[in-house]
Amino acid sequence: MNTVAFPILLGTKRFQQQEKKIYYPFVYGLQNQLVEQKINQEILTIVNMLIEEQYRTQNTTEFVEMLGTYEIKTNERNILSINFSNYAIFYQAAHGLTLMKSLTIDVETGEVFQLADLFIAGSDYVEVLSIKVKEQIHERNITLLEPFTQISPNQDFYIADKSLVLYFQLYELTAYVYGFPMFPISVYELKNIIRENGPLGRMATNS
């Protein structure tokens, strides 16, 4: 008999310093303390990376405002998928810039998943996913900055509602006004190439 994998316990912490106000999650109550520490460290790594990337991308350290937030996209079947965003604007800027990054992790083992880890080794997941993205670009009549060829092998993603959601950063695919282009793909459309015991494989089962 399989053990039921309940959602794990999460709380919110806030870091505030001058113009910066950063909200981020933390995990608590896991039986394996080493895994709990690893997950919380992975979270802090992404939060700090987004802050540093704002300084680097906008080439300033003097922001009027910086706001970091997050959304829990999946917390079931021992998979935790979190989407982090960081918005910052400096004095006299026409508009701010939002950066986004995600973390998908196994809460039993602490394994962090890259896109390739979701699929059977040797499967041409890049081509399969790129075709799905192209179809959605056409169906949704999305205006691109330049023709789309294919996704990156380590394309940004999160998992939500039995779907793999691929996304692109601002300006990476479309103009700023379109926001973050997101492409949800049902796990059932990918059953031939997903790892059965991986995050998408777990989402595809009905038990």
Looking only at heavy atoms, the pair that brings Arg202 and Asn197 closest together is NE-O, 3.3 Å
Residues Ser85 and Thr98: closest non-hydrogen pair is CB-CG2, 4.1 Å
Reported OG1-to-CD distance for the pair Thr205 and Glu196, which is rounded to 0.5 angstrom: 9.0 Å
In this structure, are over 12 heavy atoms from other groups packed under 6.0 Å from Glu62 atom CD? no
Between Phe63 and Gln58, is the side chain to side chain contact (heavy atoms under 4.5 Å, CB included) condition met? List the steps. CA-CA 10 Å; Phe63 290 106; Gln58 300 202 55; 3.5 Å; yes
Restricting to pairs with a member in residues 18-32, which pass side-chain hydrogen bond (donor to acceptor under 3.5 Å, both in side chains), not counting sequence neighbours? Lys20-Tyr55
Nearest 0.5 Å, what's the CG-CD1 distance between Leu164 and Ile159? 6.5 Å
Any idea which heavy atoms bring Ile151 and Phe148 closest together, and the distance? N-CZ, 3.6 Å
Can you measure from CG (Leu97) to OH (Tyr87) and round to the nearest 0.5 angstrom? 9.0 Å
Is there side-chain contact between Thr174 and Leu144, with heavy atoms separated by less than 4.5 Å? yes
Is there a chain of hydrophobic side chains (I, L, V, M, F, W, Y, each step under 4.5 Å between heavy atoms) that links Leu200 to Ile72? no
Can you confirm whether Glu172 is buried at CD, in the sense that more than 12 heavy atoms of other residues, nucleotides or ligands lie under 6.0 Å from that atom? yes
Hydrophobic clustering (ILVMFWY, side-chain heavy atoms < 4.5 Å, transitive) - are Leu10 and Ile105 grouped together? yes
Spacing of OH belonging to Tyr158 relative to NZ belonging to Lys73, to within rounding of 0.5 Å: 4.0 Å
Please determine which of Thr45, Leu30, Val35, Val27 meets the side-chain contact (heavy atoms from CB on, under 4.5 Å) test together with Asn40. Val27
Apply side chain to side chain contact (heavy atoms under 4.5 Å, CB included) to residues Asn83 and Tyr70 and explain how you reach the verdict. CA-CA 6 Å; Asn83 202 39; Tyr70 72 93; over 6 Å; no
Is there a side chain to side chain contact (heavy atoms under 4.5 Å, CB included) between Tyr178 and Leu145 once you walk through the steps? CA-CA 11 Å; Tyr178 288 94; Leu145 292 174; over 6 Å; no
Give a yes or no on whether the backbone of Asn86 and the side-chain of Gln54 come within a donor-acceptor separation of less than 3.5 Å. yes
Given 3.5 Å as the limit, does a donor-acceptor pair link the side chain of Ser163 with the main chain of Val165, or not? no
Flag side-chain contact, heavy atom, 4.5 Å: Ser152 against Phe168: no
Single-linkage hydrophobic cluster Met49~Phe15, side-chain heavy atoms < 4.5 angstrom: yes
Could you point out which residue of Gln169, Met182, Met100 forms a side-chain contact (heavy atoms from CB on, under 4.5 Å) with Asp156? Gln169
Measure the shortest side-chain to side-chain distance between Pro181 and Ile142 over non-hydrogen atoms and say whether it is less than 4.5 angstrom. no
Identify the two heavy atoms, one from Lys38 and one from Gly110, that lie closest to each other, and give their separation to 0.1 Å. NZ-O, 2.9 Å
Are Leu50 and Phe26 linked, directly or through intermediate hydrophobic residues, by side-chain heavy-atom contacts shorter than 4.5 Å (ILVMFWY only)? no
d(Ile51 CD1, Ile46 CD1) to nearest 0.5 Å is 12.5 Å
Flag side-chain contact, heavy atom, 4.5 Å: Ile131 against Lys134: no
Nearest 0.5 Å, what's the CZ-OH distance between Phe157 and Tyr167? 9.0 Å
Indicate if Ile194 and Leu166 have the same hydrophobic cluster label, given that clusters are the connected sets of ILVMFWY residues with side-chain heavy-atom separations under 4.5 angstrom. yes
Side-chain donor-acceptor contact under 3.5 Å, Tyr91 with Thr60: no
If you take all heavy atoms of Gly96 and Tyr176, which pair is closest and at what distance? O-OH, 3.1 Å
Heavy-atom pair with the smallest gap, counting every atom of Asn154 and Leu115: CA-CB, 4.5 Å
Within the structure provided, determine whether Met203 and Ile79 are in side-chain contact (heavy-atom separation under 4.5 Å). yes
Applied to residues 107-132, the side-chain hydrogen bond (donor to acceptor under 3.5 Å, both in side chains) test, sequence neighbours excluded, yields Asn78-Glu108, Lys132-Glu189
Arg195/Phe113 under side chain to side chain contact (heavy atoms under 4.5 Å, CB included): CA gap, chis, key distance, verdict: CA-CA 12 Å; Arg195 276 177 47 197; Phe113 297 100; 4.2 Å; yes
Looking at His95, I want to see if its NE2 is surrounded by more than 12 non-hydrogen atoms of other residues, nucleotides or ligands under 6.0 Å. yes
